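These numbers come from a predicted model, not from an experiment.
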Amino acid sequence: MNKLKLTEGLLLVVFYLAIFSACIAITINFRGLYYYFVWHQDLGSKVGLSNHQLITTYQRLLAYLNYPWVQQLDLGLPTSFNAMHHFTEVKALFFKNYLILAASFPVSCWWLKGLWQKRRLFILITPCYYLLSLGVVVLTLMVTNFNKFFVTFHRLLFANDDWLFDPKLDPIINALPASYFLAAFSLFILLVFISLVGIIGIARYQLKHP
């Protein structure tokens with residue numbers, strides 16, 4: 001019995017990793033969000049580019065971060081050594097997330113299929129509620145003081161200060177407003193919420209329809 005609980009506990013962790021990594025992958029590749037800010041805030045003018053040129057620059061950045069065969073990054077803007085190092089670290093994080101997704105997603109699908117067939121999806125309801133509660137806390141902290149949240153986030157992920165761009169050396173930071181990052185974090189949390197609520201809904205449906 002204890003072995004079964006341990007196995008289910010590990011599978012539950014894998015399942016949540018699949019949800020988080022999938023939501024991260026969707027968020028970082030949802031280009032429309034940045035395009036909205038480019039046009040809404042005329043971000044191109046803040047770095048001496050047209051909005052179309054800035055979007056091309058953003059596409060180059062995403063290509064560098066997403067594709068292993070793209071080893072050189074040319075933003076078409078002055079870029080310091082520290083900024084380039086930071087983008088290299090972000091690229092590594094992207095690939096760690098993709099590896100986690102690739103490893104956890106098929107296992108999670110296999111486990112969910114088994115829970116569905118055994119009519120045991122109900123075991124996910126309480127853990128999902130706990131995560132929803134944690135998400136509300138994180139969202140509250142983020143909205144209340146996003147600057148502090150943003151700094152803490154980077155301190156946890158990076159062992160250096162290369163993410164602190166100097167606008168004089170790295171003008172691209174002027175085209176990456178805090179409001180965009182707030183929207184991106186909010187999108188990620190929304191996707192997680194939708195996933196958890198969906199799982200709860202399906203599990204409850206199965207309970208009510210034996």
Side-chain angles (χ1 to χ4, degrees), residues 16-17 20-38 40-49 51 53-101 134-192:
Y16 288 141
L17 285 175
F20 292 148
S21 58
C23 292
I24 290 172
I26 293 171
T27 300
I28 60 182
N29 287 290
F30 185 57
R31 303 186 179 200
L33 182 64
Y34 185 68
Y35 295 169
Y36 168 79
F37 280 90
V38 169
H40 185 68
Q41 297 187 11
D42 191 23
L43 295 180
S45 64
K46 299 182 184 300
V47 292
L49 300 174
N51 287 333
Q53 289 173 323
L54 179 58
I55 287 175
T56 299
T57 296
Y58 176 72
Q59 291 170 341
R60 285 199 208 109
L61 176 59
L62 276 188
Y64 171 75
L65 297 175
N66 274 312
Y67 305 136
W69 57 86
V70 180
Q71 294 296 320
Q72 300 294 326
L73 175 61
D74 180 13
L75 295 177
L77 293 167
T79 308
S80 68
F81 174 82
N82 287 350
M84 286 301 303
H85 182 251
H86 176 65
F87 287 132
T88 301
E89 290 182 312
V90 173
K91 183 184 182 79
L93 289 176
F94 270 40
F95 278 91
K96 287 179 182 177
N97 184 72
Y98 291 142
L99 286 174
I100 291 172
L101 178 59
L134 178 61
V136 170
V137 173
V138 172
L139 182 62
T140 301
L141 292 174
M142 184 180 74
V143 173
T144 302
N145 192 339
F146 181 69
N147 285 337
K148 184 176 181 180
F149 175 88
F150 190 73
V151 170
T152 302
F153 172 81
H154 280 77
R155 296 292 186 199
L156 291 173
L157 284 185
F158 303 103
N160 53 58
D161 291 332
D162 290 346
W163 58 275
L164 292 169
F165 287 12
D166 182 345
K168 296 179 181 178
L169 300 176
D170 303 295
I172 188 63
I173 192 61
N174 293 322
L176 296 170
S179 55
Y180 164 69
F181 287 109
L182 174 59
F185 277 106
S186 299
L187 174 61
F188 166 73
I189 293 176
L190 176 62
L191 291 172
V192 172

(message) Distance check, rounded to the nearest 0.5 Å: Tyr58 atom OH versus Ile172 atom CD1?
(response) 10.5 Å
(request) Would you give the length of the straight line joining atom OG of Ser80 to atom NE2 of His86, rounded to the nearest 0.5 angstrom? (result) 10.5 Å
(request) Taking salt bridge (charged side-chain N to carboxylate O under 4.0 Å, His left out) as the test, write out the residues that go with Arg31, two or more places apart. (result) none
(message) I need the Leu54 CG to Asn174 CG distance, nearest 0.5 Å.
(response) 11.0 Å
(message) For Phe87 and Leu75: C-alpha separation, side-chain torsions, deciding distance, then whether side-chain contact (heavy atoms from CB on, under 4.5 Å) applies.
(response) CA-CA 11 Å; Phe87 287 132; Leu75 295 177; 3.9 Å; yes
(request) Flag the pair Phe158 / Leu93 as yes when at least one side-chain heavy-atom distance between them is below 4.5 Å, and no otherwise. (result) yes
(request) Please examine the side chains of Thr88 and Tyr64, heavy atoms only from C-beta on, and report whether any two atoms are closer than 4.5 Å. (result) yes
(message) Assess the residue pair Thr57 and Val47 against the criterion (side-chain contact (heavy atoms from CB on, under 4.5 Å)); give the C-alpha distance rounded to whole Å, side-chain angles, the decisive distance to 0.1 Å, and a yes or no.
(response) CA-CA 11 Å; Thr57 296; Val47 292; over 6 Å; no
(request) Check Val192, Leu190, Leu191 against Phe188 for a side-chain contact (heavy atoms from CB on, under 4.5 Å) and give me the one that passes. (result) Val192
(request) Grab the two heavy atoms, one from Asn51 and one from Ser45, that are nearest each other, plus how far apart they are. (result) OD1-N, 4.4 Å
(request) Search all heavy atoms of Pro78 against all heavy atoms of Pro171 and return the closest pair with its distance. (result) O-CD, 3.3 Å
(message) Nearest 0.5 angstrom please: Asp170 CG to Met84 CE, how far?
(response) 10.0 Å
Table please: side-chain donor-acceptor pairs of residues 22-30 below 3.5 Å, with sequence neighbours left out.
residue	atom	partner	partner atom	Å
Thr27	OG1	Cys23	O	2.8
Asn29	OD1	Asn66	ND2	2.8
Asn29	ND2	Ala25	O	2.9
Asn29	ND2	Tyr98	OH	2.9

(request) For Gln72, look at atom CD and say whether over 12 heavy atoms of other residues, nucleotides or ligands are found less than 6.0 Å away. (result) no
(request) Please test Lys91 against Leu73 for side-chain contact (heavy atoms from CB on, under 4.5 Å), starting from the C-alpha separation and ending with a verdict. (result) CA-CA 11 Å; Lys91 183 184 182 79; Leu73 175 61; over 6 Å; no
(message) Applying salt bridge (charged side-chain N to carboxylate O under 4.0 Å, His left out), can you list everything that pairs with Asp74, at least two apart in sequence or on another chain?
(response) none
(request) Hey, could you give me the CD1/OH distance between Ile55 and Tyr35, rounded to the nearest 0.5 Å? (result) 6.0 Å
(request) Can you run down the side-chain hydrogen bond (donor to acceptor under 3.5 Å, both in side chains) pairs that involve residues 158-169, sequence neighbours left out, and say none if there aren't any? (result) His85-Asp162, Glu89-Asn160, Arg155-Asp161
(request) List in chain and number order the residues that pass side-chain hydrogen bond (donor to acceptor under 3.5 Å, both in side chains) with Thr56, two or more places apart in sequence or in another chain; answer none if no residue qualifies. (result) none
Under 3.5 Å donor-acceptor pairs involving side-chain atoms of residues 176-186, not counting sequence neighbours:
residue	atom	partner	partner atom	Å
Ser179	OG	Gln41	NE2	3.1
Ser186	OG	Leu182	O	2.8

(request) Could you tell me whether Phe95 atom CZ has more than 12 heavy atoms of other residues or ligands within 6.0 Å of it? (result) yes
(request) First locate atom CD1 of Ile173, then atom NZ of Lys46, and finally report the distance between them rounded to the nearest 0.5 Å. (result) 13.0 Å
